[in-house]
Amino acid sequence: MARKRLIAANWKMNKTIKESISFINNFKKLIEKNNDIVICPSFTSLYEASRLLKNSYIKLGAQNMHYKEKGAFTGEVSAIMLKDVGCEYVILGHSERRLYFKETNELINKKIKAALKNNLKIILCIGETLEQRENNETNNIIKNQINTCLKNIKDMKNIIVAYEPIWAIGTGKNATPKQAEEVHKFIRGLLSGLYDKNIGKSTRIIYGGSVNAKNMKDLMEMENIDGALVGGASLDPKSFAEICNTKI
Ligand code: PGA
């Protein structure tokens, strides 16, 4: 089964509403329709972005959510609210959430369940630190992240895995296509074991970490890399469009 490429922009804590509108208007003119494209602005820009992306094939995503549907959780946003504002996707388990906000695999597992219940598609981020890689712990870390984040989750249809080696995020130091491919293949094997061969084959596994218009093609030529999660290089409409329009 051919896996359709998915390219997502993670704007992180960047862009005012005005800046988001300007990006989307420019980006729409530059983009060629051939991949699944998702833009994940900050919460404050979601409403306007949703309005602008209505009837467009570019989809909207959020960068995080709480696992409860509502209640006394000051400062949090729920899956119901994300659906309400027009999100189709949500990024969960990003390494910055794990590092700065102490998110654990167990918490991410709860969030995944809540997102699935509310029909959101999930971009689940996993990846190792430099220290873990140097200590040859990459596979163990990845295995533990996959097993715990996906515990008791039966259906992988709406889950995309994003392999993001932490040492490659925002550093300009991307994993080589070969390094990324090795881990993507390993993840596919894990999914085959956890579910079945078909799910192993059909789940999209995208790469993230210093992706740009220059390294995109080489990364995407790898058999098991099905797209990209792009941070820094997604903030400029021209550069993100170039990444999305890369011919493989
Ligand atoms: P980067 O970020 O492209 O700036 O390395 C990727 C990410 O954190 O998703």
Side-chain angles (χ1 to χ4, degrees), residues 5-15 19-20 23 27 35-43 45-46 49 58-65 87 89-103 105 108 111-112 115 120-130 132-133 138 141-142 145-146 149 159-177 179-181 183-184 187 204-220 222 225-246:
R5 197 165 291 127
L6 181 140
I7 302 159
N10 174 12
W11 287 354
K12 310 191 177 184
M13 197 171 70
N14 290 293
K15 294 194 189 298
E19 288 164 347
S20 303
F23 177 105
F27 180 69
N35 299 309
D36 282 345
I37 311 284
V38 185
I39 296 181
C40 305
S42 61
F43 289 133
S45 288
L46 285 175
I58 303 164
K59 304 298 180 204
L60 187 66
Q63 299 171 18
N64 179 35
M65 52 163 253
C87 286
Y89 289 80
V90 62
I91 299 173
L92 293 177
H94 190 279
S95 63
E96 286 148 18
R97 302 283 329 158
R98 295 174 187 258
L99 177 66
Y100 303 124
F101 304 98
K102 307 286 174 267
E103 292 199 7
N105 290 320
I108 296 158
K111 293 189 180 200
I112 295 176
L120 283 162
K121 296 187 175 82
I122 293 142
I123 300 175
L124 164 64
C125 301
I126 56 172
E128 81 287 0
T129 63
L130 185 58
Q132 289 163 339
R133 172 161 284 262
T138 301
I141 294 291
I142 297 287
Q145 288 172 334
I146 286 284
C149 292
I159 302 182
I160 294 126
V161 177
Y163 169 57
E164 297 206 303
I166 296 170
W167 47 273
I169 296 178
T171 56
K173 226 190 335 173
N174 65 291
T176 63
Q179 280 174 320
E181 170 67 10
V183 181
H184 282 232
I187 297 169
R204 289 186 286 185
I205 307 174
I206 64 176
Y207 168 80
S210 296
V211 172
N212 58 39
K214 281 206 186 90
N215 57 30
M216 180 71 180
K217 186 170 174 11
D218 287 347
L219 285 162
M220 293 309 122
M222 297 289 116
I225 303 186
D226 307 317
L229 180 56
V230 189
S234 76
L235 292 172
D236 173 66
K238 251 172 89 183
S239 120
F240 189 53
E242 229 182 293
I243 292 171
C244 294
N245 294 340
T246 302

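Read the numbers this way: they start at 1 and go in the same order the structure lists the ligands and their atoms. Just so it is clear, the model here is predicted, and its values are computed rather than measured. Throughout, residue positions are numbered sequentially from 1 according to the sequence presented.
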Exercise for review: Would you confirm whether Lys15, through its side chain, and Leu235, through its main-chain N or O, come within 3.5 Å as a donor-acceptor pair?
Suggested key: yes
Review point. Closest heavy-atom contact between Ser20 and Ser45?
Key: OG-OG, 2.7 Å
**Study point:** Sequence neighbours excluded, every pair satisfying salt bridge (charged side-chain N to carboxylate O under 4.0 Å, His left out) that has a member inside residues 204-213
**Key:** Asp36-Arg204
Review point. Taking only heavy atoms of Asn10, which atoms of ligand 1 are found under 4.0 Å from at least one of them?
Key: 9 (O)
Exercise for review: Please state whether Gly208 comes within less than 4.0 angstrom of ligand 1, counting heavy atoms only.
Suggested key: no
Exercise for review: Could you check which of Gly231, Gly170, Pro165 puts a non-hydrogen atom nearest to atom 5 (O) of ligand 1?
Suggested key: Gly170
Exercise for review: Provide, to 0.1 Å, the distance between atom 4 (O) of ligand 1 and the closest protein heavy atom, together with that atom's residue and name.
Suggested key: Gly232 N, 2.8 Å
Practice item. Considering heavy atoms of the protein only, find what lies nearest to atom 2 (O) of ligand 1 and give residue, atom and distance to 0.1 Å. Key: Lys12 NZ, 3.3 Å
**Study point:** ring-ring contact (aromatic ring centres under 6.0 Å, His included) partners for Trp11, two or more places apart
**Key:** Phe23
Revision key, fill the gap. CG of Leu219 to CD1 of Ile243, rounded to nearest 0.5 Å, is 10.5 Å
Practice item. Kindly give the heavy-atom pair with the smallest separation between Thr138 and Arg133, and that separation in Å. Key: OG1-CA, 3.4 Å
Review point. At a 4.0 Å threshold, what atoms of ligand 1 neighbour a non-hydrogen atom of Ala168?
Key: 5 (O)
Review point. Near Glu164, which atoms of ligand 1 are under 4.0 Å from a heavy atom of that residue?
Key: 6 (C), 7 (C), 8 (O), 9 (O)
**Study point:** Numbered atoms and elements of ligand 1 in range of His94, under 4.0 angstrom, heavy atoms
**Key:** 7 (C), 8 (O), 9 (O)
Exercise for review: May I ask you to test the His94-Glu164 pair for a side-chain heavy-atom distance under 4.5 Å?
Suggested key: yes
Revision key, fill the gap. Quick note on ligand 1: atoms under 4.0 Å from a heavy atom of Gly209 include exactly 5 (O)
